[in-house]
Amino acid sequence: MLPLRWNGGIMVVTLPFAYPQPRLSSTPEQDSMKAVALLMLLLICAPLEMRAQSPAVPADTAARLSELLRSPETIRLEDALSMIRQRELNPEASIRNYGDLTRLMSVINRRWPHDPTVLEFFREALATRGPEAINDLYSPVGGIWDDSLVGPILGAVEAVVQPQSRQPLAGALRANSMLARVLSLLERHVEVWKDPTVSLRLSKAVLTANPLLVDPPADPSLLLSAEVPFNEALKRLGQTHDRAMIPVLRPFLRVNALFPGDAIRSAARICDLARDSIYVLLGETQSVDRVEYNFSVSADPRIWMEWDRKNVELENRLAAMFGR
């Protein structure tokens, strides 16, 4: 059983074992399979544990939900949205019905992805219960969307993201988790990025939530133990599509501090993570190495020598673009 608890709206998972480091004898395919297996274990087990520890939803509500899902094609839109509203208003109490409510969102995504009533529901939800509404829009992949949701989504992010000095750690982690979902959600909709203000607002939010990007410590090794994971901050800045963030990432091309690997991610240097994000901002996704998922590095550190060469080449290109 995985010990879980809620901390400021965040599910905290405490594993009773250490993540195993990939063995040198493992192939990249084997390492990837192990990573996927552990991720599936967490996804499967977490809702079960959460149901056991969370307050129950009213019995009549749970029964009504089960009844609706017996015939998904006959569910009325107003009934479906009523159930989702209850989940968003009381997310912890709804955990016992995690699976059924996720199935219900799948029905809405499939049957009414562009329905005006659904879109209005989520515009209101984003304004009043932003994080929960974003969770519902983010999962499952695809479905509900309209460009009119972009403004409310950005507004919901800006309402939650605060400088770390003004909020407890739980709040900072929650804000960054929300940012990660928003960036992944917007990546599905290419048209969004034609409006330059979207990138500007997102990059401002990422920098606000991750001040170490603009004010790193004198000792780069301290970035490895930052309370809000710095490797995630580097990735998120690349996802903003704001090319003005390249100079922010550029100094990290010279930082070799190494994030240790685990069963889900490989060991990765800050300089290589920064390079990947810069390539994304340059629109050169074909050059991205996805270094945090390249388990072959553990078996062949010579790859880092090749990446050192790429870092130097990229630095020279940026010097020509932005000056030394």
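Both backbone and side-chain heavy atoms feed into the values below; hydrogens, waters and symmetry mates do not. We number each residue from 1, following the sequence as shown.
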Is it the case that atom CZ in R290 sees more than 12 heavy atoms from other parts of the structure closer than 6.0 Å? no
Pair R174 + E132: basic N to acidic O under 4.0 Å: yes
Should E313 and R317 be marked as a salt bridge (Lys or Arg N to Asp or Glu O under 4.0 Å) after you check the CA-CA gap, both sets of side-chain angles, and the distance that decides it? CA-CA 6 Å; E313 289 180 353; R317 283 182 59 194; over 6 Å; no
Residue K204 excluded, over 12 heavy atoms near NZ under 6.0 Å: no
Give a yes or no on whether the ring-centroid distance for W145 and H114 is below 6.0 angstrom. no
For A257, side-chain contact (heavy atoms from CB on, under 4.5 Å) partners two or more places apart: L224, V255, I270
Residues E73, R110: salt bridge by 4.0 Å N-O rule: yes
Got a sec: does the CD of E78 have more than 12 other heavy atoms crowding it under 6.0 Å? yes
Taking side chain as C-beta onward, heavy atoms only, is F252 less than 4.5 Å from P216? yes
Run the salt bridge (Lys or Arg N to Asp or Glu O under 4.0 Å) test on E232 and R236 for me, step by step, so that the C-alpha distance in whole Å, both residues' side-chain angles and the decisive distance to 0.1 Å come before the verdict. CA-CA 6 Å; E232 292 293 332; R236 288 182 194 122; 3.7 Å; yes
Using a 4.5 Å cut-off on heavy atoms from C-beta on, say whether the side chain of M321 contacts that of R243. yes
Could you pull out the closest heavy-atom pair between G151 and R201, with the gap in Å? O-NH2, 4.3 Å
Salt bridge (Lys or Arg N to Asp or Glu O under 4.0 Å) for R275 and E315? Distances and angles first, verdict last. CA-CA 9 Å; R275 183 185 71 249; E315 174 59 37; over 6 Å; no
Do R265 and F295 meet the cation-pi criteria used here (NZ or CZ under 6.0 Å from the six-membered ring centre, within 45° of the axis)? no
Checking R70 now: which residues fulfil side-chain contact (heavy atoms from CB on, under 4.5 Å) with it, not counting sequence neighbours? E67
Tell me, please, whether F121 has R129 positioned over its six-membered ring: NZ or CZ under 6.0 Å from the ring centre and within 45 degrees of its axis? yes
Taking the basic N atoms (NZ, or NE/NH1/NH2) and the acidic carboxylate oxygens, is any pair closer than 4.0 Å for K235 and D276? no
Does R269 have any side-chain hydrogen bond (donor to acceptor under 3.5 Å, both in side chains) partners at least two apart in sequence or in another chain, and if so, which? D272, D308
